[in-house]
Amino acid sequence: MKKNRNILIVLLVLIAVTAYFVTQKKSGTLERELSDFAYRDTGSVTRIFLADRTGKQVAVNRKGPGNWVLDDGSEARNDAINALLDVIRNIGIRSPVAKAAYNNVVKAIATKGIKIEIYKGNEKVKTYYVGGPTQDQMGTFMYLDGSSVPFVTQIPGFNGYLTPRFITNASDWKTHRLFRYASGEIQMLAAVDKEVKGQFIKLEADGKGDYDLYDSNGKKIEPVSQDKITSYLQFYENINYEMEETSISPEQRDSLLKTVPYREISITGKDGKNKRIELWKRPITPTTTHKTNASGDPFAYDIDRMTARFNNDTALVVVQFFVFDKLFRKPADFVVAR
């Protein structure tokens with residue numbers, strides 16, 4: 001954080017020192033290399049580092065085609081990285097900053113700007129600072145490292161400003177992916193709702209392309225419909241959480257984790273890796289959507305969302321009943337109709 005503060009202070013000083021000379025220049029005489037924010041060869045970008053004035057910083061690293069991770073190994077959101085790469089590749093100049101706005105823009109970038117460093121291999125190929133929007137919300141103030149003046153930037157054809165694409169909060173970069181299994185990738189799956197009698201299933205691949213079904217006592221259920229099992233397993237191709245759980249108090253969190261989760265899903269893939277999610281009824285919080293029933297009586301818990309722990313992570317997440325209810329079944333749901 002101290003390092004970022006010093007960098008921004010130096011930035012402010014450098015721009016201020018050159019202000020007199022900049023105001024004497026005409027836009028047509030500005031050197032191209034001092035206003036060329038775009039880096040066209042985004043396919044060669046291996047690392048992107050971002051930091052803001054509050055001390056937040058994050059780096060995303062390319063591991064392969066369409067595969068980006070944070071420094072802690074967490075998978076990065078493809079939509080966020082694609083949006084950022086779009087800016088890096090296509091950003092252009094709308095105009096230099098007007099003389100009347102110069103001092104305010106410089107101060108804003110120096111005190112609130114976001115720093116971005118772009119790497120190709122171990123080489124840093126671009127560094128610039130991202131400010132806020134122009135008054136019409138159609139341009140973004142930016143300063144290129146080594147330049148003598150900030151600019152108003154834009155992406156041709158895009159209506160809006162670009163600052164929101166420069167995310168410095170690491171949690172906002174993380175993918176919300178929980179389960180993503182293509183056809184045939186699941187070796188074993190067990191799902192139980194402990195509050196509903198008989199709501200337990202265990203599926204195991206038989207090595208021949210089909211699955212065996214077992215009840216809570218380990219009894220094999222026959223005959224079963226492989227089509228119904230296949231349709232059910234397709235749900236696991238795209239299961240995500242909604243958001244990180246930040247609304248419950250530390251006391252509520254501790255109390256929750258001392259209780260037994262009422263729902264659980266455990267999956268082992270063909271690669272031998274196991275993933276497990278535990279689900280609890282979520283306490284009513286300030287962000288709860290429906291707090292009372294039609295009569296005005298308060299609900300005992302959030303009827304739209306559950307609190308979950310994935311793979312024993314210390315961070316809890318919020319999931320929707322709408323997404324997860326369909327995952328909990330009884331063996332009878334897969335038995336061949338007679």
query: Are Y262 and I248 grouped together when hydrophobic residues (ILVMFWY) are joined by side-chain heavy atoms under 4.5 angstrom apart?
result: no

query: Which heavy atom in A80 sits nearest to a heavy atom in I167, and how many Å separate them?
result: CB-CD1, 4.2 Å

- prompt: Is there a donor-acceptor contact under 3.5 Å linking the side chains of D72 and S74?
  reply: yes

task: Would you tell me whether T292 and D297 have side-chain atoms, one donor and one acceptor, within less than 3.5 Å of each other?
output: no

field: K126 side chain vs Y39 backbone, donor-acceptor pair below 3.5 Å
entry: no

field: Closest non-hydrogen atom pair between A76 and L70, with its separation
entry: CB-CD1, 3.7 Å

- prompt: Which heavy-atom pair separates F321 from D302 by the least distance, and what is that distance?
  reply: CE1-O, 3.5 Å

- prompt: Where do P150 and I109 come nearest, in terms of heavy atoms and distance?
  reply: CB-CD1, 4.0 Å

- request: Verify the neighbour count for atom NZ of K326: are there more than 12 heavy atoms of other residues, nucleotides or ligands below 6.0 Å?
  value: yes

query: Are the side chain of R62 and the backbone of V45 linked by a donor-acceptor contact shorter than 3.5 Å?
result: yes

- prompt: To the nearest 0.5 Å, how far apart are CZ in F37 and CG in L162?
  reply: 11.0 Å

Partners meeting ring pair (Phe, Tyr, Trp, His ring centres under 6.0 Å) with H290 (sequence neighbours left out): none

field: Shortest non-hydrogen contact from S147 toward V149
entry: OG-O, 3.2 Å

field: Sequence-distant partners of E123, side-chain contact (heavy atoms from CB on, under 4.5 Å), two or more places apart
entry: V125

message: Would a single hydrophobic cluster contain both V318 and F322, if residues Ile, Leu, Val, Met, Phe, Trp and Tyr are joined by side-chain heavy-atom contacts under 4.5 Å?
response: no

task: Would you confirm whether R165, through its side chain, and A83, through its main-chain N or O, come within 3.5 Å as a donor-acceptor pair?
output: yes

- prompt: Ion pair present between R47 and D71, side-chain N to carboxylate O less than 4.0 angstrom?
  reply: yes

message: Show me the pairs that pass salt bridge (charged side-chain N to carboxylate O under 4.0 Å, His left out) and involve residues 243-257, at least two apart or across chains.
response: E245-R282

- prompt: For the atom pair OG1 (T127) and NZ (K115), what is the distance rounded to the nearest 0.5 Å?
  reply: 6.0 Å

query: So does Q135 have more than 12 non-hydrogen atoms from other groups sitting under 6.0 Å from CD?
result: no

message: Under 4.5 Å between side-chain heavy atoms, counting indirect links through other Ile/Leu/Val/Met/Phe/Trp/Tyr residues: same cluster for V69 and V58 or not?
response: no

message: Once rounded to the nearest 0.5 Å, what's the spacing between atom CD1 of I91 and atom CZ of F151?
response: 11.5 Å

task: Give a yes or no on whether Y214 and V224 share a hydrophobic cluster (residues Ile, Leu, Val, Met, Phe, Trp, Tyr; joining criterion: side-chain heavy atoms under 4.5 Å apart).
output: no

Ionic contact status for D145 with K124, cut-off 4.0 Å: no

task: Decide side-chain contact (heavy atoms from CB on, under 4.5 Å) for W173 and L84; before the verdict, give the C-alpha distance in whole Å, the side-chain angles of both, and the deciding distance to 0.1 Å.
output: CA-CA 11 Å; W173 268 104; L84 182 55; 3.9 Å; yes

task: Identify, with sequence neighbours excluded, every residue that meets salt bridge (charged side-chain N to carboxylate O under 4.0 Å, His left out) alongside E75.
output: R177

message: If I compare all heavy atoms of P133 with all of Y161, which pair ends up nearest, and what's the gap?
response: CB-CG, 3.4 Å

- request: Could you tell me whether the side chain of K194 and the main chain of P261 form a donor-acceptor pair under 3.5 Å?
  value: yes

Ring pair (Phe, Tyr, Trp, His ring centres under 6.0 Å) partners of Y236, counting only residues at least two apart: F179, Y232

- prompt: With sequence neighbours left out, what residues match K120 under salt bridge (charged side-chain N to carboxylate O under 4.0 Å, His left out)?
  reply: none

- prompt: What orientation do H176 and Y241 show, parallel under 30°, tilted 30 to 60°, or perpendicular over 60°?
  reply: parallel

field: Passing candidate, side-chain contact (heavy atoms from CB on, under 4.5 Å) with K330, options D215, V196, V335
entry: V196

Salt-bridge contact R180-E237 (side-chain N to carboxylate O under 4.0 Å): no

message: I need the R94 CZ to T153 OG1 distance, nearest 0.5 Å.
response: 9.0 Å

query: Using 4.0 Å as the upper bound for N to carboxylate O, is an ion pair formed by R263 and D325?
result: yes

field: Worked verdict on T134 versus D136 for side-chain hydrogen bond (donor to acceptor under 3.5 Å, both in side chains)
entry: CA-CA 5 Å; T134 54; D136 62 4; 2.5 Å; yes

- prompt: Would you call D79 and R77 a salt bridge, using N to O less than 4.0 angstrom?
  reply: yes

query: Is a salt bridge present between R309 and E278, judged by a nitrogen-to-oxygen distance below 4.0 Å?
result: yes

Donor-acceptor pair, side chain of T288 and main chain of K291, under 3.5 angstrom: no

- request: Please answer: with hydrophobic residues joined when any side-chain heavy atoms are less than 4.5 Å apart, are V192 and I229 in the same cluster?
  value: no

- prompt: Is the backbone N or O of K219 less than 3.5 Å from a side-chain atom of N217, with the two atoms forming a donor-acceptor pair by type?
  reply: no

message: Can you tell me how far apart CD1 (I201) and CD1 (I265) are? Round to the nearest 0.5 Å.
response: 8.5 Å

Residues D86 and N90: side-chain donor-acceptor under 3.5 angstrom: yes

- prompt: Within the distance-only criterion (no hydrogens, no angle test), does the side chain of Y211 pair as donor or acceptor with the backbone N or O of I186 below 3.5 angstrom?
  reply: yes

message: For the residue pair T140 / T163, report whether a side-chain donor-acceptor contact shorter than 3.5 Å exists.
response: no

query: Side-chain donor-acceptor pair under 3.5 Å between S44 and D41, yes or no?
result: yes

query: Is any side-chain N of the basic residue among K220 and D206 closer than 4.0 Å to the acidic one's carboxylate O?
result: no

